[in-house]
Amino acid sequence: MPDQASSLSPKLRRRRRFTLFTLGCTITLLSWGAVVTSIDAGLAVPDWPTSFDSYHPLNPMPEWYAIPPVLAEHGHRLLGMLVGFCTAILAGWTWYADPRRWMKYLGVVALFLVIVQGTLGGLRVVWQSLNLAVVHACVAQLYFSLLAGLWVFTTPAWINGDGPAEGESGDMLRRYFWLPATALYGQVVLGAVLRHVGQGVDVALAMIHMTGAFLVFGVLFMVIRWVRRSTERGTLLHTMSGILATLLVVQIGLGFFAYAVLLQEAGIGRSGLQVVLNTSHMVVGACLMASTVVLTLLGVRKPLPQQHLD
């Protein structure tokens, strides 16, 4: 793997690092947004695209940062601006530097998604719509997963075609490549609806979500098994299968623990523990979704002649 990495263009390595930086900014944004939802601060700043009738992004009102709900909501907007700026740079960089036409278009799609995401967030405030809040949460996961794809397409593992070996497990992985990400995204949508239904929790919806968790666990367990049977230790695909397994166990544990705490503290408001658990559950879920996309992409990759990419 180190030899493969050293064979890549320094320009490509720099772009890969910048993509990782953008991913880091995005996971921070997702975490902040989860806190906003958990403390019901989505309407703490009641207008958009202004903030308290001000176009000054850093100081829309005196000492806004001293008011926790305003800090949460306006801080979320500032992080969104940072992610949008990084995405614009990444899209332009990819369009200019990457010889693969489909990569150029993926960069444009990422920029389009981040613009749509920001617009959805603003309209959710203006229209005070919980339905738009759900769509906002779902598009965020798509954008984050697309960024993960843009990263993996610049790795030595992708460029050198380090997919699974030919055989039953590798063939199964390629045949059912669509299943893990599709199943997991269904859980993402259910989780977004569950988090935005208002005060309290819809027990029936929670039961559906938890049942879906077991189904997704089975699907991902099967895929991880296929990957580990058809790859060698040290490859990115093998490593991602271990990361995915860890995230899966942590996510299920967080989900059930969060629900248990919610039931125990029903009627007494949202405690700090609820906020931490709900936020952690959402963030780990986003990482799980992105890791599944990475695993799926690498799993369907077939060896190709060596490419040189700037």
Side-chain angles (χ1 to χ4, degrees), residues 19-20 22-23 26-27 30 102-103 105-107 109-110 112-114 116-117 134-155 157-158 161-164 169-195 208-231 235-252 254-255 281-302:
T19 307
L20 275 177
T22 306
L23 277 165
T26 304
I27 199 64
L30 290 172
W102 54 270
M103 271 291 283
Y105 292 150
L106 279 182
V109 171
F112 173 76
L113 273 182
V114 82
V116 169
Q117 177 69 349
V134 173
V135 177
H136 183 63
C138 294
V139 173
Q141 297 277 357
L142 289 176
Y143 166 76
F144 188 60
S145 297
L146 178 56
L147 273 186
L150 286 171
W151 171 77
V152 79
F153 293 140
T154 60
T155 60
W158 177 268
D162 294 339
S169 295
D171 292 344
M172 292 292 285
L173 188 62
R174 294 186 179 99
R175 186 178 306 160
Y176 296 104
F177 72 95
W178 54 271
L179 186 58
T182 302
L184 188 55
Y185 191 69
Q187 276 294 94
V188 166
V189 173
L190 281 173
V193 173
L194 191 60
R195 280 176 59 81
I208 295 173
H209 188 56
M210 285 190 284
T211 301
F214 284 109
L215 295 175
V216 170
F217 180 88
V219 169
L220 291 184
F221 177 81
M222 178 178 62
V223 170
I224 291 168
R225 190 161 170 257
W226 289 342
V227 169
R228 298 186 79 81
R229 282 186 170 186
S230 60
T231 58
T235 62
L236 179 58
L237 185 54
H238 193 278
T239 301
M240 287 305 304
S241 69
I243 293 174
L244 186 62
T246 302
L247 288 172
L248 182 60
V249 172
V250 171
Q251 177 69 347
I252 290 178
L254 282 171
H281 186 57
M282 197 287 298
V283 172
V284 174
C287 294
L288 183 63
M289 182 72 206
S291 299
T292 300
V293 169
V294 169
L295 191 81
T296 300
L297 291 172
L298 291 172
V300 300
R301 178 65 166 160
K302 290 188 176 182

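The first residue in the sequence is number 1, and the count goes up from there. All heavy atoms count here, side chains included; hydrogens, waters and symmetry mates do not. These figures come from a predicted structure and were not determined experimentally.
What you find for Thr154 and Leu150 is that their closest heavy atoms are CG2-O, 3.6 Å. Residues Ala157 and Leu298 come closest through the heavy atom pair CB-CD2, 4.1 Å.
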Under 3.5 Å, which donor-acceptor pairs link side chains of residues 183-190 to any protein atom two or more places apart or in another chain?
unit_1, atom_1, unit_2, atom_2, d
Tyr185, OH, Cys138, O, 3.1
Gln187, NE2, His209, O, 2.9
Gln187, NE2, His209, ND1, 3.4

Let me have the donor-acceptor pairs involving side chains of residues 286-297, under 3.5 Å, with sequence neighbours excluded, atom names and distances please.
unit_1, atom_1, unit_2, atom_2, d
Ser291, OG, Cys287, O, 2.8
Thr292, OG1, Leu288, O, 2.8
Thr296, OG1, Thr292, O, 2.7

Anything under 3.5 Å between a donor and an acceptor, one on a side chain of residues 140-148, the other on a protein residue two or more places apart or in another chain? List them.
unit_1, atom_1, unit_2, atom_2, d
Tyr143, OH, Thr87, OG1, 2.4
Ser145, OG, Gln141, O, 2.9

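Residues in residues 242-251 take part in these side chain to side chain donor-acceptor pair (under 3.5 Å) pairs, two or more places apart or across chains: Gln251-His281.
In this structure, CZ in Phe214 is found 8.5 Å from CE in Met210, a value given to the nearest 0.5 Å. Taken from CD in Gln117 to OG1 in Thr26, the straight-line distance is 10.0 Å, to the nearest 0.5 Å. Atom CG of residue Leu247 and atom CG of residue Leu244 lie 6.5 Å apart, to the nearest 0.5 angstrom.
Residues satisfying the side chain to side chain donor-acceptor pair (under 3.5 Å) test with Ser241, not counting sequence neighbours, are Arg228. Contacts of Trp102 classified as side chain to side chain contact (heavy atoms under 4.5 Å, CB included), with partners at least two apart in sequence or in another chain: Arg100, Leu106, Phe153, Trp158. Residues forming a side chain to side chain contact (heavy atoms under 4.5 Å, CB included) with Val135 (at least two apart in sequence, or on another chain): Leu120, Val139. With sequence neighbours excluded, the residues satisfying side chain to side chain contact (heavy atoms under 4.5 Å, CB included) with Phe112 are Val116. In this view, Tyr176 satisfies the ring-ring contact (aromatic ring centres under 6.0 Å, His included) rule with no residue, not counting sequence neighbours.
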Run Ile208 and Thr211 through side-chain contact (heavy atoms from CB on, under 4.5 Å) and show every step you take.
CA-CA 5 Å; Ile208 295 173; Thr211 301; 5.7 Å; no
For Val134 and Arg195, what are the C-alpha separation, side-chain angles and deciding distance, and is it a side-chain contact (heavy atoms from CB on, under 4.5 Å)?
CA-CA 8 Å; Val134 173; Arg195 280 176 59 81; over 6 Å; no
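Looking at Val219 and Val216, their side chains never come closer than 4.5 Å, going by heavy atoms from C-beta outward.
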